[in-house]
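The next block holds one structure in the form of structure tokens; read it before the comments.
Start at 1 with the first residue, then count along the sequence. Here the structure is a predicted model, which is why all the values come from computation and not from measurement.
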Amino acid sequence: MTFPSDPTGELLELMQGEGIDLSQPYMLDFYVLFADEEQGRQAAERVQKEYPGCGLYLNYNEAAKEWELRLVTEMVPEHGPICDIEKTLTALCKKYKGKSDGWGMLEPEDDDVDDGLE
């Protein structure tokens, strides 16, 4: 499978190269950064209305020195739907001075790997 030449396409290509089955649903995380906690909280309230039922977390990111809003949703990692969520988050959070910080997922665990644990 080939992907568009953009950050989302590059990440999907990397995932495919790692052997991740991109036809299966996974928990994906989408990030937006805020300089101010209150702006992050207001944005979170707005995002929750748009994405009810999704996980939504606001935490201080020490590395970035900013507040990080994380939207967690289960979906098949497809370029178009991922870009749609990023575009929607950017639009919803712009009023609160949020800046999109991409998306990602934890690498799925391989049940066939012998980790030495019984």
Side-chain angles (χ1 to χ4, degrees):
M1 182 181 311
T2 58
F3 303 99
S5 182
D6 63 13
T8 294
E10 290 170 9
L11 185 51
L12 289 169
E13 189 171 332
L14 177 67
M15 291 165 62
Q16 180 178 271
E18 292 289 322
I20 296 172
D21 181 356
L22 297 181
S23 69
Q24 298 298 310
Y26 298 98
M27 298 305 287
L28 300 186
D29 300 322
F30 294 85
Y31 301 94
V32 182
L33 297 176
F34 299 86
D36 177 80
E37 180 181 12
E38 184 56 31
Q39 290 172 323
R41 288 191 189 286
Q42 291 173 356
E45 289 175 16
R46 179 62 188 95
V47 170
Q48 189 67 54
K49 290 177 186 174
E50 187 73 24
Y51 294 99
C54 291
L56 200 58
Y57 307 92
L58 181 66
N59 296 297
Y60 189 70
N61 181 321
E62 287 290 336
K65 302 288 188 221
E66 294 184 280
W67 287 88
E68 178 180 80
L69 179 65
R70 179 171 55 108
L71 172 75
V72 181
T73 186
E74 185 174 16
M75 62 186 289
V76 173
E78 295 176 307
H79 189 272
I82 289 170
C83 290
D84 289 345
I85 291 174
E86 286 191 301
K87 195 178 298 180
T88 300
L89 285 176
T90 296
L92 292 174
C93 295
K94 183 177 184 179
K95 174 181 177 181
Y96 308 102
K97 299 185 173 134
K99 63 178 183 189
S100 180
D101 195 35
W103 67 277
M105 68 175 246
L106 292 177
E107 189 170 339
E109 294 182 17
D110 187 348
D111 292 336
D112 297 330
V113 173
D114 180 9
D115 58 10
L117 301 176
E118 296 292 324

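- Taking 4.5 Å as the limit, every side-chain heavy atom of V32 sits out of range of all side-chain heavy atoms of E68.
- Here the side chains of V76 and L22 are not in contact, with every heavy-atom distance at 4.5 Å or above.
- Side-chain contact between P25 and M75 is absent, with no heavy atoms from C-beta onward closer than 4.5 Å.
- Residues I82 and L12 meet the side-chain proximity criterion, which asks for heavy atoms closer than 4.5 Å.
- Under the 4.5 Å side-chain contact rule for hydrophobic residues, W67 and L33 do not share a cluster.
- Of the possible polar contacts, one joining the Y26 side chain to the D21 backbone as a donor-acceptor pair under 3.5 Å is found.
- Considering only heavy atoms from C-beta on, C93 comes within 4.5 Å of V47 through its side chain.
- The shortest distance between side-chain heavy atoms of L56 and V72 does not fall below 4.5 Å.
- Considering all non-hydrogen atoms of both residues, F34 and Y96 come closest at CD2-O, 3.5 Å.
- For the pair L11 and W103, the minimum side-chain heavy-atom distance is below 4.5 Å.
- Within the cation-pi definition used here (under 6.0 Å to the ring centroid, within 45° of the axis), R70 qualifies as a partner of Y57.
- To the nearest 0.5 Å, atoms CD (Q39) and CG (L69) are separated by 12.5 Å.
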side-chain hydrogen bond (donor to acceptor under 3.5 Å, both in side chains) evaluation trace for T8 with D6
CA-CA 6 Å; T8 294; D6 63 13; 4.7 Å; no
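- Rounding to the nearest 0.5 angstrom, the gap separating the NE2 atom in H79 from the OG1 atom in T2 is 10.5 Å.
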Applying side-chain contact (heavy atoms from CB on, under 4.5 Å) to K97 and D36, what does each step give before you reach the verdict?
CA-CA 9 Å; K97 299 185 173 134; D36 177 80; over 6 Å; no
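- M27 is not connected to I20 by any chain of hydrophobic side-chain contacts under 4.5 Å among Ile, Leu, Val, Met, Phe, Trp and Tyr, and they are in different clusters.
- Side-chain contact check for N61 versus E66: every heavy-atom pair is 4.5 Å or farther apart.
- Of all heavy-atom pairs spanning G104 and Y31, the tightest one is N-CE1, 4.4 Å.
- The pair E45-R41 does not count as a salt bridge, with every side-chain nitrogen at least 4.0 angstrom from each carboxylate oxygen.
- Under the 4.5 Å side-chain heavy-atom criterion for grouping Ile, Leu, Val, Met, Phe, Trp and Tyr, F3 is connected to L28 within one hydrophobic cluster.
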